[in-house]
Amino acid sequence: MSTYKSDFLNILSERGFIHQVSEPDVLDARAVEGTLTAYIGFDCTAASLHVGSLLPIMMLYWLQQTGHRPIALMGGGTTRVGDPSGKDESRRILTEDDINNNLVGIRAIFSKFLKFEGAGGNADKSNAIMANNADWLNKLNYIDFLRDVGKHFSVNRMLAFDSVKMRLERQHELSFLEFNYMVLQAYDFVELNKLYGCTVQMGGSDQWGNIVSGIDLGRRMSGAQMFALTAPLLTTSSGAKMGKTAAGAVWLNADMVSPYDYWQYWRNTEDGDVARFLKLFTTLPLGEIAKLAALQGAEINEAKKVLATEATALVHGRAAADESAGTARKTFEEGTFAQSLPTVEVARATLEQGIGVLNAFAELTSLVSSNGDARRQIKAGGLKVNDANVTDEKMMLTAKDLTVDGAIKLSLGKKKHVLIKPV
RNA sequence: GGGAGAGUGUCCCGAGUGGCAAAGGGGGCGGACUGUAAAUCCGCUGGCUACGCCUUCGUAGGUUCGAGUCCUACCUCUCCCA
């Protein structure tokens with residue numbers, strides 16, 4: 001089915017990364033001829049990226065794997081202004097220090113997927129680059145910018161973009177700042193083209209308009225030929241947004257979401273998403289994925305385990321992935337005790353005196369948000385101590401509750417478990 | 001500058017006659033059924049030292065036995081006119 005000649009486009013296409021490509025034939029030919037340089041922009045509003053950013057990261061990964069050069073562009077400049085999207089969103093302005101800290105955290109994630117200059121490798125034309133648009137955006141002079149860049153933009157056409165049109169029709173406010181995002185992003189593309197010879201910008205399908213603006217701007221300012229490649233917007237088959245769970249975003253940094261929880265996130269993938277996610281979020285060969293995708297009924301769970309382990313291995317390493325898989329197997333399938341479950345330590349003396357269940361669940365382990373919540377869960381039969389339902393909210397946990405393994409297991413529902421260990 | 005509206009349970013949307021811990025959704029959590037899935041059904045969805053107490057309807061005052069509801073000022077947002 002693949003109609004491309006280049007490995008790069010073939011792989012992206014087979015694995016389901018491509019939504020739209022501008023001038024696919026020309027881009028394909030370029031990819032065959034030589035080394036492409038492509039970029040994707042990331043906001044650095046938090047100290048980590050979450051699962052939602054994984055798809056673009058994987059695109060950069062495949063780009064590099066097929067011999068091309070990826071650029072991860074940090075929105076250091078745009079973040080400084082504060083993204084105005086989301087009408088009620090607290091427009092907290094991040095300080096320079098915050099942004100720099102975030103950059104460090106985010107860079108750590110990229111280094112797991114991409115090979116950067118100086119990271120052990122010798123100079124290779126496919127070494128990844130991390131750029132920061134603050135480097136050029138901060139220096140801009142308004143008048144010069146308007147004259148050099150602004151003159152190439154037609155407001156008439158900008159108003160016709162879907163993103164703008166929708167806001168106008170729904171009578172949502174669209175600030176001038178936000179209106180300019182398109183312009184800044186287009187300028188980023190041209191700047192990267194100038195600095196690194198970057199000719200391709202990738203992104204989610206909602207970025208199409210912005211990317212095309214960049215292509216136009218490049219042609220007008222320097223006559224460069226540039227390309228757009230967008231990925232489908234990801235939702236689960238039941239329509240939910242990717243990457244958000246009850247506990248909040250599924251972050252990629254281990255200190256924000258543990259490898260075990262990360263593994264669990266993928267383990268709980270809906271049936272209908274398994275094949276798609278295997279292609280997008282693991283690097284397994286397509287043949288193997290096809291076999292897994294053919295599994296029916298309950299057997300799909302095997303595919304989900306593979307998905308979870310492979311996806312976790314990419315972000316947290318093989319060892320952590322295997323350990324998470326082992327923990328899950330013991331906990332869910334063998335019903336035994338896994339020492340590797342999340343653990344909270346308490347002073348032995350405190351335990352000797354006894355700890356109230358409410359306190360243990362709410363304060364100690366934060367499995368529930370308050371004592372009241374704990375009471376409700378007890379009524380609903382959702383709390384367990386050592387796999388036995390809690391029925392009395394005045395129950396005390398003492399050293400007698402320690403199992404042979406030297407810990408007390410607290411559970412909320414069937415899936416969330418925490419161990420309490422005396423020290 | 002003039003005029004008309006809006007801000008509700010710190011996840012979102014949204015009803016609300018002066019007696020309100022405040023309808024209804026969505027989302028989330030728990031239970032049942034399953035396969036750690038989906039769908040479906042049931043329960044829960046301010047806090048606490050809990051037959052009571054405290055804090056909540058943009059902010060600050062006021063009227064009232066009693067205010068989300070009435071009055072005043074202010075803040076923010078939207079729309080229309082200039």
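Throughout, a chain's letter reflects where its sequence line sits, starting with A, and its residues are numbered from 1.
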**Request:** Measure from the side-chain N and O atoms of A:Lys139 to the backbone N and O of A:Asp135, and report whether any donor-acceptor pair falls under 3.5 Å.
**Result:**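 Yes; at least one donor-acceptor contact below 3.5 Å.
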
**Candidates B:A37, B:G31, B:G30 - which lies nearest the side chain of A:Lys384** =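 Selected nucleotide (nearest to the side chain): B:G31.
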
**Asked** Do the side-chain N or O atoms of A:Lys305 get closer than 4.0 angstrom to the phosphate oxygens (OP1, OP2) of B:A37?
**Response**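 So the side chain of A:Lys305 is outside the cut-off, no N or O lying under 4.0 Å from OP1 or OP2 of B:A37.
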
**Asked** For A:Lys330 and B:U36, is the shortest distance between a side-chain N/O and OP1 or OP2 below 4.0 Å?
**Response**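 For B:U36, neither OP1 nor OP2 has a side-chain N or O of A:Lys330 closer than 4.0 Å.
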
**Message:** Could you tell me how far B:C80 sits from B:U69 if I compare only their P atoms? Round to whole Å.
**Reply:**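 Straight-line distance between the two P atoms is 29 Å.
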
**Prompt:** When you compare B:U55 with B:A22, how far apart are their C1' atoms, in angstrom units rounded to a whole number?
**Reply:**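 Going atom to atom, C1' in each nucleotide, I get 14 Å.
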
Any base atoms under 4.0 Å from [X], or only sugar-phosphate, or nothing? Heavy atoms, all strands.
{"X": "A:Ile300", "answer": "base"}
{"X": "A:Asn371", "answer": "sugar-phosphate"}
{"X": "A:Thr331", "answer": "nothing"}

**Item:** Complementary nucleotide for B:A60 - Watson-Crick or wobble, under 3.5 Å
**Value:**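 For B:A60, the partner nucleotide comes out as B:U72, under the 3.5 Å rule.
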
**Request:** Classify the glycosidic conformation of B:C54 as syn or anti, calling it syn when the angle lies within 90° of 0.
**Result:**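 Here the answer is anti: the torsion falls beyond 90° from 0.
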
**Asked** If you round to the nearest 0.5 Å, how far is CG of A:Leu114 from CD1 of A:Ile71?
**Response**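 Spacing of CD1 (A:Ile71) from CG (A:Leu114) equals 11.5 Å.
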
